[in-house]
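Order of the sequence lines fixes the chain letters, A, B, ..., with proteins taken first and strands second; residue numbering starts at 1 for each chain.
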Amino acid sequence: MLEKTYEPSAVEARIYEAWQQAGAFKAGAGAKPGAETFSIVIPPPNVTGSLHIGHALNNTIQDILIRFERMRGKDVLWQPGTDHAGIATQMIVERKLMEQQQPSRRELGRDEFLKRVWAWKAESGGTILNQLKRLGASADWSRERFTMDEGLSEAVRKVFVGLYEKGLIYRAKRLVNWHPGLETAVSDLEVENIETNGKMWHLRYPIEGSEETITVATTRPETMLGDLAVAVHPDDERYQHLIGKMVVLPIVGRRIPIIADTYADPELGSGAVKITPAHDFNDFEVGQRHGLKPLNIFTTQARVNANAPAAYRGLDRFEARKKILVELEGLGVLVWVDDKKIMVPYDEKTKQVIIEPFLTDQWFVKADVLAEPALRSVREGRTKFVPKSYENTYYAWMENIKPWTISRQLWWGHQIPAWYGPRLNTDPEFNNGAAGPRVFVGDSEEAVIRQAEAYYGRAVDMFRDGLNSTEFVKAFHDFETTQRDRTSAQVWTLRKQKDPFAEMSDSRVPLHRDEDVLDTWFSSALWPFSTMGWPEDTPELRKYYPTDVLVTGFDIIFFWVARMMMTALEFTGVEPFHTVYMHALVRDEKGQKMSKTKGNVIDPLNLIDEYGADATRFTLAAMAAQGRDMRLAIARVEGYRNFVTKLWNAARFLEMNGCVRKEGYAPWRNQLALNKWIVGEACRAIAAVTRALDEYKFNEAANAAYEFVWGQFCDWYLELAKPIFSGEDEAAKAETQATAAYILDQILKLLHPFMPFVTEELWAETGKSGPARDKLLIISEWPDLRGLENKEADAELQWLITLVTGIRSVRQEMNVPAGAKVQLVVVGAGLDTGTRVEAHLPALTRLARLERVDYSDIVPKDSAQIVIGEATFVLPLAGVIDIFVERARLAKDVDKLEDEIDKIDKKLNNPQFVSKAPEEVIEEQKQRREEAVTRRDRLKEALDRLS
RNA sequence: GGGUGUAUAGCUCAGCGGGAGAGCACUACCUUGACAUGGUAGGGGUCACAGGUUCAAUCCCUGUUACACCCA
């Protein structure tokens, strides 16, 4: 016997274990022979992260699709894994070191620090995956991958080398977005521009050899220390005579030119702008056009460096600003201050640190080249976005894609497989100072050594500890010495004669490895194929790649989706998935983003603890309409928890009434209209859920299932079955018991993708009697009852439901006590109505609380009347009902019908409508009119009888 | 500044060229043999505003307003 309520906490862990034991999550579990494949790769969560509500939604949707397709007999793989999340993880470990008062990252050194990170990964890395398991995620855990696994790292190196060799990855000195806290470059996407109340300071610069001044405006006065020019528009009348003159930069004393460049906007401020090429992206370009060599005034921590006057060195950028303003004011240079809204670039993650444009050597990907085929894939429909509107977002970004900065000055991540060595004097670029060291890129040290030996014509030494290790410095110095001498054949000959050991110091060339690591998204970009074994040609890769659907939030469409498209097309030649399903972001019930600081975070694990995984999942699915965000209200979760209980109790009711599954039961052999009807309803519900899931309309799927289970099966079928169960007709009872058990099976299947735990538990419970179940629900077949609708049964049950509802409605409105039994008189019944009344007499009596049912040709006086079809159903309530109220009730209905008839008549009397509207629309209107007229006439008659 | 999206019941949201819907909330009644995490009945909407297209507009088009998000 089932308990009165379902206890999720008592069941979920056991069920999950049973699935694992049965190998139900394994790739291909339950697949029909020769089945189509269906694969999804999980968006890998941060390895040291924990589950938030967005993950819960994301993975619920994936699990619904996976369970659905698995039940449909496809060969399914859900590929799980985690991401090393370079910046986030490194920050966490650094913070922990600080909290525990241990040596800092730099004090520990690279190797020791990385050991600590791996230890932390080992300690906390399983958390989020365990949380996904609590949600019921049926991923193939035996195939779990991590972005820094050896295989995936090999894929990263292969891709890096491949792109490098094609010229699609290059190293360059550029202005990049610099994070002064982490002291690393970040990509454009990792910067969020936030509108802030700022100021515009107007500075009057003196002009050399003149009494004139030129006024420039800036939001960042401290950067004046790095000013290299003042620009005016070439057509600006006001400044023609100043172009070419020199400004003496206050405080600094540097002479800088006044240049003509269209970047200066004559309309803005004074029309003259200061140019600081090392600290502003626009200024950098201006500087390049005019051959200005950028002057960097900041350290990697955004403190003023030695390129500035001594008084400012070491000051933080904001301290420097204060000091400069004081000094400029004292000099009379600062002439005016405005308030101004300015966009300040913040670190996108924490929104705490202001990002600084900073001039450094970095690695870049020529994203524009890779974007071309990725754009075509979507334009030509080989990959589709759901909802489709995101395709425009994708186009807009991809069409204007900028070079992708992929190097990070971090330690946790994939170290860039590049080595640097000195240039030979025979190298064509030897005298080009800007060319920098000679770079060797290879997917292994052996490959690099081979290349380097070919270049140098002799052995090389590999220095892994970086540019500053004493061994490297010494070796490099030795090489440079010999290298210099070799520039002249004469000197070289002399040297060899003087120094018999010259040969030795000449013999090995020191190479050092690039210390930087790659952007985390570089490895994520390979996820769909790297997890399946690429670059090896594995069976998984052949079978499950390309994948089918990518399920993700729209916030990482650029970070991740676009980049997967690019790398997959470049390296595998196919789109990594045919569909990208973008779900909404989960917000709180007030529509605000959830954040720890606001304290409005809904922890999915709390929801699971309190309401169960099934209710949590169902809520997320039911709210997953295709939109930008969804607001999660606890009341909804509660409601779906109630739904779980409802299902549980329906099963309990069946159990109590001997509804056992029957061997050889065939739904098409049902005799009773009630059973024919519920089979048809199930058929429609299954079709609706299936179609909705095929279209990724999870809310529609959930609602259709919910409506059928609660609104049809529980509210009507079970209620109507009650009199049969307690009745004498054994044949009817047997058929209904078998049908009820059969429908429950269909329901369990239908709900399983949404509510896997309670359905699996009930599947087991109901499997204890009747024919033995041959497998778990998770790998059972998705239901399909097509062709079992029955029009007559539908009409009959619809009639019954209308009648019961009608009587109940009258009873309530007439304030008939709920317990009181009343008489029903059927007037004007034809053969159909008579048969139906007789067939459903017990149900009717019970549900409408009737004392007895009589037939008559005369309507009793002062009665409430219900018109259905040709018959009028009369509740003789003389003395009980208020005639006035009953008249009002009927009159209201008549009014409604009159309105409708008027509306339809207007249409039908319009010759335009009749001539232009489609035939079936006209026909439908006529039919609706006829029904309305009949019903109105009946109601009018009823009304007349009341007076 | 550019772009995208949204505006429907008190709330959260579906829907859609031809009858305005759901869940929650609300009101009233009901502990009837699965379920009070329940049942029954009920109230509630100029479908943001203004034009246009159409025989017909909540739905399509244009504009306005408000809000949200993305990009610079």
To the nearest Å, how far apart are [X] [atom1] and [N] [atom2]?
X	N	atom1	atom2	result
A/Glu399	B/A72	CD	C1'	16 Å
A/Glu707	B/A14	CD	C1'	14 Å
A/Ile557	B/G5	CD1	C1'	14 Å
A/Tyr394	B/C70	OH	P	20 Å
A/Ile922	B/C55	CD1	P	13 Å
A/Glu919	B/C55	CD	C1'	14 Å
A/Ile401	B/C70	CD1	C1'	15 Å

Extract all donor-acceptor atom pairs below 3.5 Å that involve side chains of residues 703-716 of chain A and protein atoms in other chains or at least two apart in sequence.
from, atom 1, to, atom 2, distance (Å)
A/Asn703, ND2, A/Asn699, O, 3.2
A/Glu707, OE1, A/Gln712, NE2, 3.3

If only side-chain N and O atoms count, and only distance matters, is there a donor-acceptor pair under 3.5 Å linking A/Ser187 with A/Asn177?
no

- [ ] Scan side-chain atoms only and decide if A/Tyr640 and A/Asp614 contain a donor-acceptor pair under the 3.5 Å cut-off.
- [x] no

Distance-only check: which donor-acceptor pairs under 3.5 Å involve side-chain atoms of residues 643-652 of chain A, not counting sequence neighbours?
from, atom 1, to, atom 2, distance (Å)
A/Thr645, OG1, A/Arg641, O, 3.1
A/Trp648, NE1, A/Glu3, O, 2.8
A/Asn649, OD1, A/Arg652, NH1, 3.3
A/Asn649, ND2, A/Lys4, O, 3.4
A/Asn649, ND2, A/Thr645, O, 3.0
A/Arg652, NE, A/Leu2, O, 3.4

Heavy-atom nearest nucleotide on RNA chain B taken for A/Tyr706 and for A/Gln912; more 5' hit belongs to A/Tyr706

Whether each nucleotide of nucleotides 29-42 of chain B has a protein heavy atom under 4.0 Å at its base (B), only at its sugar-phosphate (S) or at neither (-) is summarised, 5' to 3', as -S-B-BBSBSSBSS

What residues, two or more places apart in sequence or in another chain, satisfy side-chain contact (heavy atoms from CB on, under 4.5 Å) together with [X]?
X	answer
A/Glu898	A/Val894, A/Arg936, A/Lys940
A/Val660	A/Ser769
A/Ser809	A/Glu813

- Expressed as a whole number of Å, how far does the P atom of B/C69 sit from that of B/A28? 40 Å

- Which pairs count as salt bridge (charged side-chain N to carboxylate O under 4.0 Å, His left out) when at least one residue sits in residues 905-926 of chain A, sequence neighbours excluded?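 Those involving residues 905-926 of chain A are A/Asp905-A/Arg929.
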
Across all chains, not counting sequence neighbours, the ring-ring contact (aromatic ring centres under 6.0 Å, His included) partners of A/Trp763 are none

Sequence neighbours excluded, the answer for ring-ring contact (aromatic ring centres under 6.0 Å, His included) partners of A/Phe385 is A/Tyr394

Pairs under 3.5 Å (N/O, protein and nucleotides 19-22 of chain B):
from, atom 1, to, atom 2, distance (Å)
B/G19, OP1, A/Arg928, NH1, 2.8
B/G19, N3, A/Arg928, NE, 3.4
B/A20, OP1, A/Lys903, NZ, 3.4

- Task: May I have all residue pairs that pass side-chain hydrogen bond (donor to acceptor under 3.5 Å, both in side chains) and include part of residues 843-853 of chain A, sequence neighbours excluded?
- Result: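 side-chain hydrogen bond (donor to acceptor under 3.5 Å, both in side chains) check on residues 843-853 of chain A returns A/Arg852-A/Asp854.
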
For RNA chain B, the dot-bracket notation using Watson-Crick and G-U wobble pairs below 3.5 Å, [ ] for pseudoknot-type crossings and | for other-strand pairs, is (((((((..((((....[..)))).(((((.......))))).....(((((..]....)))))))))))).

